[in-house]
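Structure first, then comments.
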Amino acid sequence: MYSQVESMARRIPFLLLCILFNLAAAPFSLSYAGDTLTPGQPLLGATGATLISDGGSFELGFFNPPGSSNRYVGIWFRNVSQQNVVWVANRNRPITDTSGLLSLTANGTLVVSDNSSAVLWNSSAPALASPVAQLLDNGNLVVREEGDVGSSNYAWQSFDFPTDRLLPGMKLGWNLTSRRNRILTAWASTNDPAEGNYTFGIDLRGDPQIFGWVGTRQYMRFGPWNGLVFSGSPEMMSSYLLDYSVVIDGEQVVFSYTVLDPSLIRQTVINPTSGAIEVLLWTTESQSWSTRTEFPRDNCDGTISRCGPYALCSSDWPRCKCLPGFHPRNQNDWELLVNTSGGCERNTELDCHNNTDGFIPQSNVKLPDTSASTVDWSMESLDDCQTSCLNNCSCTAYARANISASGRGCILWFTPLTDIKLFNSETGQDLFVRVAAADLKEAMESSSSGKGRRGVIIVVSAVATLTFLTLVACCIWKRKKTKYSIREETEEETINLPSFDFAAIVQATDNFSSFNKLGEGGFGPVYKGRLKEREIAVKRLSKTSDQGADEFKNEVVSIAELQHRNLVRLLGYCIEANERMLIYEYMPNGSLDKFLFDKVKARSLDWKSRYNIILGIARGLLYLHHDSILRIIHRDLKASNILLDEDMNPKISDFGMAKIFNGNETIRRTQRVVGTYGYMSPEYIKTGAYSVKSDVFSFGVLILEIITGKKNIGFYISTEYLNLLEQVWTLWKEDRVLEAVDESMGAVCVAEVLKCINIGLLCVQEQSEDRPIMPLIVSFLGNETTQLLEPKRPGFVVPSDSSKTNLSSYEHCLLPSNHLSITILEGR
Ligand SMILES: *[C@@H]1O[C@H](CO)[C@@H](O)[C@H](O)[C@H]1NC(C)=O
Ligand SMILES: *[C@@H]1O[C@H](CO)[C@@H](O)[C@H](O)[C@H]1NC(C)=O
Ligand SMILES: *[C@@H]1O[C@H](CO)[C@@H](O)[C@H](O)[C@H]1NC(C)=O
Ligand SMILES: *[C@@H]1O[C@H](CO)[C@@H](O)[C@H](O)[C@H]1NC(C)=O
């Protein structure tokens, strides 16, 4: 503690006294006898005596902040050397000399007084018969009846009167019965515990939200709790180290967190200078606090409603953007970024009474301010939520109140929507914004021509489109002959792929209603539909796309002929006038990347389901490589090509780049290297050679991505590692590979995780001949006692030996979005 060492010299005579009085206790400690205080046995500031909690984590006593002669009674971490004062009693009325007394009155009130006996602080609590105050090992100072040992029936506790930080187990927020609100109030400055300007707490209005205030003005908004995270702070989420929770019921509205590993020292503090909230973890090695998360994270968080009503704030450029169906109120101000807070207004006024309004979904957002919204927690479906919004002319938007798997509830807004942030990753949630029919149509049209951002998506990629166009070409030729088969002239092969009636598809998708839209690819929208009790995904080709390529005809054959529970099914096609559509089985959970790389959704993938996904993909690949009637090399295996059914079973999709190998053919070369950067094997990139082993390489990357929750490329630009493979490999060699495991998974089976990482590393070895084949991999995965080989160095894809290859030819690879399949080394 700050003062103890420096005032040691002055204390020598007291030290002697202490020793005499406390002979029974530890003779060389300055501490008081243990962790409790009783009436008539006060803590004397002048002696330097302290209470120490039972487990030794916390200490209570008198202290001076560095450079200050003011003295306070406080609680601090014992094993931490900086920023360690977690609670201060007399923060606004310091003791100005070296005296001071902390006592417990006969009726159970704690009192801090100075040597003139002036009361500087006291706890107000109901009177007790035989009170005792005790410092618990979680940092809570409690007053209870002496006999009530071990009960949590406290007359008073310091946790109910937080200073500037939350410790694990503390609650922030409201006891609705007593109307007591627990808020954090920052220190006035780093060395002055007096109440500063910044406060942090829960606002009960509407859907309760956490706000930061400076004085009485709100300056930051975490947003409402959505069952998993605060809508505006998706980084602050539970993991296997930490569990955040919010309780909203008739008795209380509180936020708290617990640490699952008690050896970790954590706290959540308001920075007295900036007002930011910092989640800190003490690192023993460096003897300092490291910031795990902080808020605000960017300019959007830092100013409430920076862009004004009906606008989206983004940390990317442009900073402010109107919601679809809205335009800037003052175009000039916006463009010049003079004053963006004017926000946006509707292109077309709502036409409520004629019942023509609709909703435009906006994904990946922090929900607008919910202070003036209403929440109906009983409502289960989003459809009911929509209906209730439509039924009230002043309703401007709706959203799900709780997005966790078992979540329910509907939020309705009746005021202009403010402080919406657009996240630039796949986090955040969906907001459904009410617009007039005219704007609805326009927004739909503009989003199908652009590459709109989407949340709930089934990825049916570009390749499917190509497949389809091939189909279309075939079909148009053969249409008069037969409607139900497509003849493949060159292969002399007939595929039975059903053709669907256009009218049936229109009906199935509710006339391509925006509510049924699942996603938007570069080649057109994908809709959900229901056809004879079967859910389908319909990809409607945009009329402008003209990718045609007959090189995919084999793939049309392959996808129609193949059947395996881990491969997605193409059910048929539909052609009508200039409409072209592909019909797939519907995958309710979309693609794997949407879960894996979204910090919120990743939580719903525990280890068991990830293991199941790895196993499923392995079985699907085994079928393609070895067990089906054809030998197929997929060539574009990646997280976005793995779709998930309702039980989170994986299905490999997108066979547009697939190649069929003949009987004993094992390797083929191409002049056109196509694939996705980050998943392509080194020999494929360098020489165009592909084989089952290049798919195995991609599968290895996928395994490591599934375990770490990180993309092989794209996350490491600013760190010491080139990519995920290098990071995992480095940690593996240092025996620290568990550090790379995705925290979102919660508890994992360490042996299985290590086995899978080992398999993943075997798959991505630089030399293709070192990589195992799928039958072996499936047996590794299924066998508990397999002895695995030690992997050799992975191929890092960017060549290690630059003399052999011209590096510049790789540079293009880094530019395209990693969602796209790209072509590199075109020709030679
Ligand atoms: C406890 O005693 C103190 C004086 O010793 C008095 O000021 C206070 O009101 C009492 N509290 C209760 C709850 O009776
Ligand atoms: C709220 O406060 C009352 C009175 O102090 C107490 O009895 C009750 O247990 C508290 N409720 C909760 C949920 O903490
Ligand atoms: C409802 O529709 C009619 C005609 O379709 C139009 O004249 C009227 O203005 C609409 N009502 C509102 C409130 O816009
Ligand atoms: C619409 O909702 C607002 C806010 O809840 C409410 O005050 C108003 O009465 C509602 N109007 C109708 C027609 O239900």
Side-chain angles (χ1 to χ4, degrees), residues 107-110 122-128 131 133 136 138-145 148 150-162 166-184 201-209 224-225 244-258 309 346 349-357 359 367-379 384-401 409-418 431-436:
N107 61 14
T109 305
L110 282 165
N122 69 351
S123 65
S124 50
L128 296 179
L136 305 181
N138 58 2
N140 195 5
L141 175 64
V142 303
V143 178
R144 56 171 170 80
E145 286 288 5
D148 262 357
S151 97
S152 57
N153 187 14
Y154 308 129
W156 181 90
Q157 53 178 328
S158 62
F159 271 15
D160 276 343
F161 301 89
L166 275 187
L167 294 176
M170 281 173 88
K171 288 174 175 175
L172 184 79
W174 293 82
N175 176 328
L176 298 176
T177 320
S178 65
R179 296 304 289 181
R180 177 180 292 135
N181 184 17
R182 283 149 293 199
I183 61 169
L184 305 184
I202 295 184
D203 181 348
L204 292 177
R205 294 172 302 155
D207 192 3
Q209 302 179 91
W225 179 255
Y244 289 103
S245 93
V246 164
V247 177
I248 301 179
D249 59 26
E251 287 180 10
Q252 55 180 345
V253 177
V254 293
F255 163 66
S256 64
Y257 67 102
T258 51
R346 292 185 184 284
E349 279 313 305
L350 294 177
D351 174 24
C352 181
H353 301 287
N354 284 350
N355 209 12
T356 56
D357 297 341
F359 294 88
L367 293 182
D369 193 345
T370 51
S371 314
S373 67
T374 64
V375 190
D376 183 341
W377 288 106
S378 67
M379 213 174 269
D384 294 347
C385 195
Q386 184 189 324
T387 309
S388 66
C389 190
L390 271 181
N391 286 344
N392 185 321
C393 284
S394 35
C395 180
T396 49
Y398 69 91
R400 283 179 65 180
C410 160
I411 312 179
L412 300 175
W413 282 264
F414 299 96
T415 50
L417 307 171
T418 59
L431 172 72
F432 298 86
V433 182
R434 183 177 193 163
V435 296

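The structure presented is a predicted model; accordingly, all values stated were derived computationally and were not measured. Ligands are counted one by one from 1 in listed order, and the atoms in each one are counted from 1 as well.
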- request: Step by step, work out the side chain to side chain contact (heavy atoms under 4.5 Å, CB included) result for N181 and L204.
  value: CA-CA 10 Å; N181 184 17; L204 292 177; over 6 Å; no
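With sequence neighbours excluded, the residues that form a salt bridge (charged side-chain N to carboxylate O under 4.0 Å, His left out) with D357 are R434. Listed by chain and number, the residues in a ring-ring contact (aromatic ring centres under 6.0 Å, His included) with Y154 amount to none (sequence neighbours excluded). Applying the side chain to side chain contact (heavy atoms under 4.5 Å, CB included) criterion to T396, with sequence neighbours excluded, gives Y310, R346, W413, L417.
Proximity to N392 (heavy-atom distance under 4.0 Å) selects the following atoms of ligand 4: 1 (C), 2 (O), 3 (C), 8 (C), 10 (C), 11 (N), 12 (C), 14 (O).
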List below, pair by pair, the N or O atoms of ligand 2 and of the protein that are less than 3.5 Å apart, including the distance to 0.1 Å; reply 'none' if no pair qualifies.
| from | atom 1 | to | atom 2 | distance (Å) |
| --- | --- | --- | --- | --- |
| ligand 2 | 2 (O) | N175 | OD1 | 3.4 |
| ligand 2 | 2 (O) | N175 | ND2 | 2.2 |
| ligand 2 | 11 (N) | N175 | ND2 | 3.0 |

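Side-chain atoms of E145 and N153 form no donor-acceptor pair, as typed in the model, at a separation below 3.5 Å. Residues D351 and T356 have side chains that bring a donor and an acceptor to within less than 3.5 angstrom of each other.
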